[in-house]
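Read the structure below first, then the notes.
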Amino acid sequence: NIDTDTQWSYWSGIRDYEAKNRDYLQTQIGNPEGKDKPNKKYYDPRMPVRAAEVATVSRLQQCFEDLNCVGVLGLGEADEPTNVLGPEGERSAGAKRGGLPV
């Protein structure tokens, strides 16, 4: 069941993140690197959520491979995403700040 598998993989990503960073998740300040070292980047809630997302994507890829559903739509490889503002903040033609391209 893909629903159950994705729920478990999401939980597994969070569980693995906690196990890997347990020593950094006990206090705001103080870890194996030093008693005055901050731990903010470890207890930021986005970090375990990101680990959960990565684990879920990995499990879904495995599901798609198991079900022979990889590349069946014939769409080819996806284009690399681009920023509408372009390199170094230059705007592409038709792009406006804070809005969709026109």
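These numbers were taken from a predicted model, which means no experiment stands behind them.
- Counting only residues at least two apart or on different chains, the side chain to side chain donor-acceptor pair (under 3.5 Å) pairs with a member in residues 49-58 are S9-T56.
- Scanning both residues, G13 and A55, for their nearest heavy atoms gives CA-CB, 3.8 Å.
- With a 4.5 Å cut-off on side-chain heavy atoms, P32 and Y24 count as touching.
- Distance OG1/T27 to NZ/K35: 13.0 Å, rounded to 0.5 Å.
- The side-chain heavy atoms of E18 and L25, taken from C-beta on, include a pair separated by under 4.5 Å.
- The minimum heavy-atom distance linking Y17 with M47 is given by the pair OH-CB, 3.3 Å.
- The two residues N39 and G30 have their closest heavy-atom pair at ND2-O, 3.0 Å.
- The nearest pair of heavy atoms linking R59 to D5 is NH2-OD2, 2.5 Å.
- The line from CG of D66 to CZ of F64 is 11.0 Å long, rounded to the nearest 0.5 Å.
- In this structure, the separation between CD on Q26 and OH on Y43 is 13.0 Å, given to the nearest 0.5 Å.
- The environment of Q28 atom CD is sparse: at most 12 non-hydrogen atoms of other residues, nucleotides or ligands sit within 6.0 angstrom.
- Remark: side-chain polar atoms of S12 are not paired, donor with acceptor, to backbone N or O of W8 under 3.5 angstrom.
- When hydrophobic clusters are built by joining Ile, Leu, Val, Met, Phe, Trp and Tyr residues whose side-chain heavy atoms come closer than 4.5 Å, directly or via intermediates, L67 is grouped together with V70.
- To the nearest 0.5 Å, atoms CG (L60) and SG (C69) are separated by 11.5 Å.
- Considering every non-hydrogen atom in both P38 and N31, the closest pair reads O-ND2, 3.6 Å.
- Listed here is the closest heavy atom pair of Y10 and A52: O-CB, 3.3 Å.
- The structure places CD of Q62 at 11.0 Å from CD1 of I2, a figure rounded to the nearest 0.5 Å.
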